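Because only heavy atoms are used, hydrogens play no part in the values below, and waters and symmetry mates are left out as well, while side chains stay in. This one's a predicted model, so the numbers in the text were calculated from it and none came from an experiment.
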Amino acid sequence: MKYNIKKVSAIDWSEIEKAYIKNYRWEKGGYEPETFAQAVVYNGGIAAKMTCFESSPKATYKNFYDDVYKDSCMEFFFAMEKGGTYLNCEMNSLGTCLIGVGTERNGRKKLNEITDIPEIIAVVGDGVWTVEVYFSKELLEAVFGKFSLEKGKVIYGNFYKCGDETAVTHYGMWSLVDVEKPDFHRPEFFGELIIGG
């Protein structure tokens with residue numbers, strides 16, 4: 001899978017390409033809410049917005065690093081290099097986030113052990129909810145070290161929609177994670193996120 005991340009001087013999400021989460025697997029409940037992600041390079045960092053057409057999203061967790069994936073949750077995982085450290089950002093409709101850093105599921109560091117937690121802007125509307133997050137250049141350098149987001153650079157990542165303890169358990173992804181049991185911490189299945197003009 002490939003997604004083009006546009007470099008912008010101002011963010012207008014209406015003009016940004018959408019990465020649709022269409023691969024639902026593991027649970028056969030048939031619940032597959034329309035969900036998409038968008039991302040841009042802005043002011044040296046990465047901004048992302050995720051949108052889900054879902055009524056009354058479950059939202060019970062309110063503190064950083066709570067188990068938001070048990071709520072109705074949208075997630076953005078990404079790495080600057082293939083097989084390297086990746087950041088997982090998991091968000092519910094209250095704007096609560098779980099953000100960790102590491103090379104695999106186990107032994108991850110909480111983001112606040114490294115740098116400041118970014119603000120999550122969550123909006124719940126009539127049958128739709130969104131979350132927005134901005135990872136500043138300073139935050140990204142604290143996590144990944146020095147990096148470059150020049151045109152043509154490829155970073156790696158995935159977008160997810162899940163709800164481990166919602167009325168209908170569901171697991172959706174943009175780039176297919178081809179394993180037998182639910183596991184989003186599989187960077188070998190990340191798609192290519194290509195920095196554009």
Side-chain angles (χ1 to χ4, degrees), residues 1-26 32-54 69 73-91 97 99-105 108 118 120 128 130-137 139-141 143-162 170-197:
M1 298 290 288
K2 296 182 179 181
Y3 175 78
N4 295 306
I5 298 184
K6 191 175 182 181
K7 296 181 84 165
V8 299
S9 57
I11 300 174
D12 179 354
W13 293 115
S14 69
E15 296 185 354
I16 303 303
E17 180 182 347
K18 298 171 182 175
Y20 282 92
I21 294 172
K22 293 184 174 179
N23 295 299
Y24 282 85
R25 61 172 310 176
W26 299 313
E32 301 181 4
E34 180 182 348
T35 307
F36 61 83
Q38 298 165 285
V40 295
V41 172
Y42 171 72
N43 199 26
I46 296 174
K49 179 177 182 179
M50 300 188 72
T51 301
C52 180
F53 291 88
E54 182 175 51
Y69 55 87
C73 186
M74 291 189 279
E75 307 181 357
F76 176 30
F77 289 29
F78 65 97
M80 291 296 172
E81 303 292 340
K82 194 171 184 68
T85 293
Y86 67 91
L87 183 151
N88 60 293
C89 178
E90 310 175 20
M91 304 163 283
C97 62
I99 306 177
V101 175
T103 58
E104 60 175 343
R105 171 182 288 279
R108 301 188 69 71
I120 307 296
V128 62
T130 63
V131 283
E132 290 185 51
V133 59
Y134 175 63
F135 300 104
S136 68
K137 186 172 194 236
L139 183 155
L140 294 176
E141 286 186 343
V143 171
F144 297 108
K146 292 291 184 182
F147 66 91
S148 175
L149 293 175
E150 76 277 5
K151 185 175 181 179
K153 161 83 173 170
V154 177
I155 64 176
Y156 300 87
N158 212 341
F159 305 106
Y160 305 112
K161 170 68 179 81
C162 66
H170 57 286
Y171 303 96
M173 62 219 77
W174 167 69
S175 182
L176 180 65
V177 178
D178 191 14
V179 294
E180 288 186 10
K181 296 180 180 179
D183 186 0
F184 286 165
H185 285 269
R186 299 301 291 259
E188 66 268 34
F189 294 104
F190 284 178
E192 294 184 355
L193 308 177
I194 304 163
I195 309 303

Practice task
Tell me whether the centres of the aromatic rings in Tyr156 and Tyr86 are closer together than 6.0 Å.
Solution key: no

Exercise for the section: Would you name the heavy atoms of Met74 and Thr35 that are closest together and state the gap between them? Expected result: SD-CG2, 3.7 Å

Problem - Heavy-atom check, side chain of Glu192 versus side chain of Met1, under 4.5 Å - result: no

Handout entry: CD (Glu180) with more than 12 external heavy atoms under 6.0 Å
Key = no

Handout entry: Note, Asn43 side chain near Tyr134 side chain (heavy atom, < 4.5 Å)
Key = yes

Problem - Side-chain heavy atoms of Cys162 within contact of Glu75, under 4.5 Å - result: yes

Handout entry: Donor on one side chain, acceptor on other, Asn88 and Arg108, under 3.5 Å
Key = yes

Exercise for the section: Nearest 0.5 Å please: distance from the NZ atom of Lys151 over to the NZ atom of Lys6. Expected result: 11.0 Å

Handout entry: Non-hydrogen side-chain atoms of Cys97 and Val131 separated by less than 4.5 Å
Key = no

Practice task
Would you check if Pro33 and Phe53 make a side-chain contact, meaning some heavy-atom pair closer than 4.5 Å?
Solution key: no

Problem - Within-4.5 Å side-chain heavy-atom neighbours: Leu140 and Phe147 - result: yes

Completion exercise
To the nearest 0.5 Å, atom NZ of Lys22 lies from atom CD of Glu34 at 8.5 Å

Exercise for the section: Output yes when a side-chain donor or acceptor of Arg105 lies under 3.5 Å from a complementary backbone atom of Asp183, and no otherwise. Expected result: no

Practice task
Could you go through the side-chain contact (heavy atoms from CB on, under 4.5 Å) check for Glu90 and Tyr160 one step at a time?
Solution key: CA-CA 9 Å; Glu90 310 175 20; Tyr160 305 112; over 6 Å; no

Problem - Rounded distance [0.5 Å steps], CG in Asn4 versus CG in Leu193 - result: 9.5 Å

Handout entry: Carboxylate-amine/guanidinium proximity below 4.0 Å for Arg186 and Glu104
Key = no

Problem - Arg25 and Leu176, any side-chain heavy atoms less than 4.5 Å apart - result: yes

Handout entry: Derivation and outcome, side-chain contact (heavy atoms from CB on, under 4.5 Å), residues Glu54 and Val128
Key = CA-CA 5 Å; Glu54 182 175 51; Val128 62; over 6 Å; no

Problem - From CA spacing to verdict: side-chain contact (heavy atoms from CB on, under 4.5 Å), Ile5, Ile194 - result: CA-CA 6 Å; Ile5 298 184; Ile194 304 163; over 6 Å; no

Practice task
Kindly state whether the ring of Tyr24 and the ring of Tyr171 have centres lying under 6.0 angstrom apart.
Solution key: no

Handout entry: For Ile120 against Cys89, the heavy-atom pair lying closest together
Key = CD1-SG, 4.4 Å

Problem - Where Ala47 and Ile11 come nearest, the two heavy atoms and their spacing - result: CB-CD1, 3.8 Å

Handout entry: Cationic N near anionic O, under 4.0 Å, Lys146 to Glu141
Key = yes

Exercise for the section: Decide yes or no on ring-ring contact (aromatic ring centres under 6.0 Å, His included) for Phe78 and Phe135, but give the supporting numbers first. Expected result: CA-CA 11 Å; Phe78 65 97; Phe135 300 104; 5.3 Å; yes

Practice task
Determine, stepwise, if the pair Val177 / Asn158 fulfils side-chain contact (heavy atoms from CB on, under 4.5 Å).
Solution key: CA-CA 9 Å; Val177 178; Asn158 212 341; 4.0 Å; yes

Practice task
Answer whether the closest heavy-atom distance between the side chains of Lys7 and Val40 falls below 4.5 Å.
Solution key: no

Handout entry: Closest heavy-atom pair and its distance - Cys73, Lys161
Key = O-CD, 3.3 Å

Practice task
Could you verify whether a donor N or O on one side chain and an acceptor N or O on the other, from Glu132 and Trp13, lie under 3.5 Å apart?
Solution key: yes

Problem - Salt-bridge contact Glu81-Lys153 (side-chain N to carboxylate O under 4.0 Å) - result: yes

Problem - Trp174 side chain vs Lys2 backbone, donor-acceptor pair below 3.5 Å - result: no

Problem - Side-chain (Ser175) to main-chain (Phe189) donor-acceptor, under 3.5 angstrom - result: yes

Problem - Ring geometry between Tyr3 and Phe159 (parallel below 30°, tilted from 30 to 60°, perpendicular above 60°) - result: perpendicular

Practice task
Kindly write out the residues that satisfy salt bridge (charged side-chain N to carboxylate O under 4.0 Å, His left out) with Asp12, not counting sequence neighbours, or none if the list is empty.
Solution key: none

Exercise for the section: Could you check Val143, Leu87, Thr85, Leu149 and say which one makes a side chain to side chain contact (heavy atoms under 4.5 Å, CB included) with Met80? Expected result: Leu149

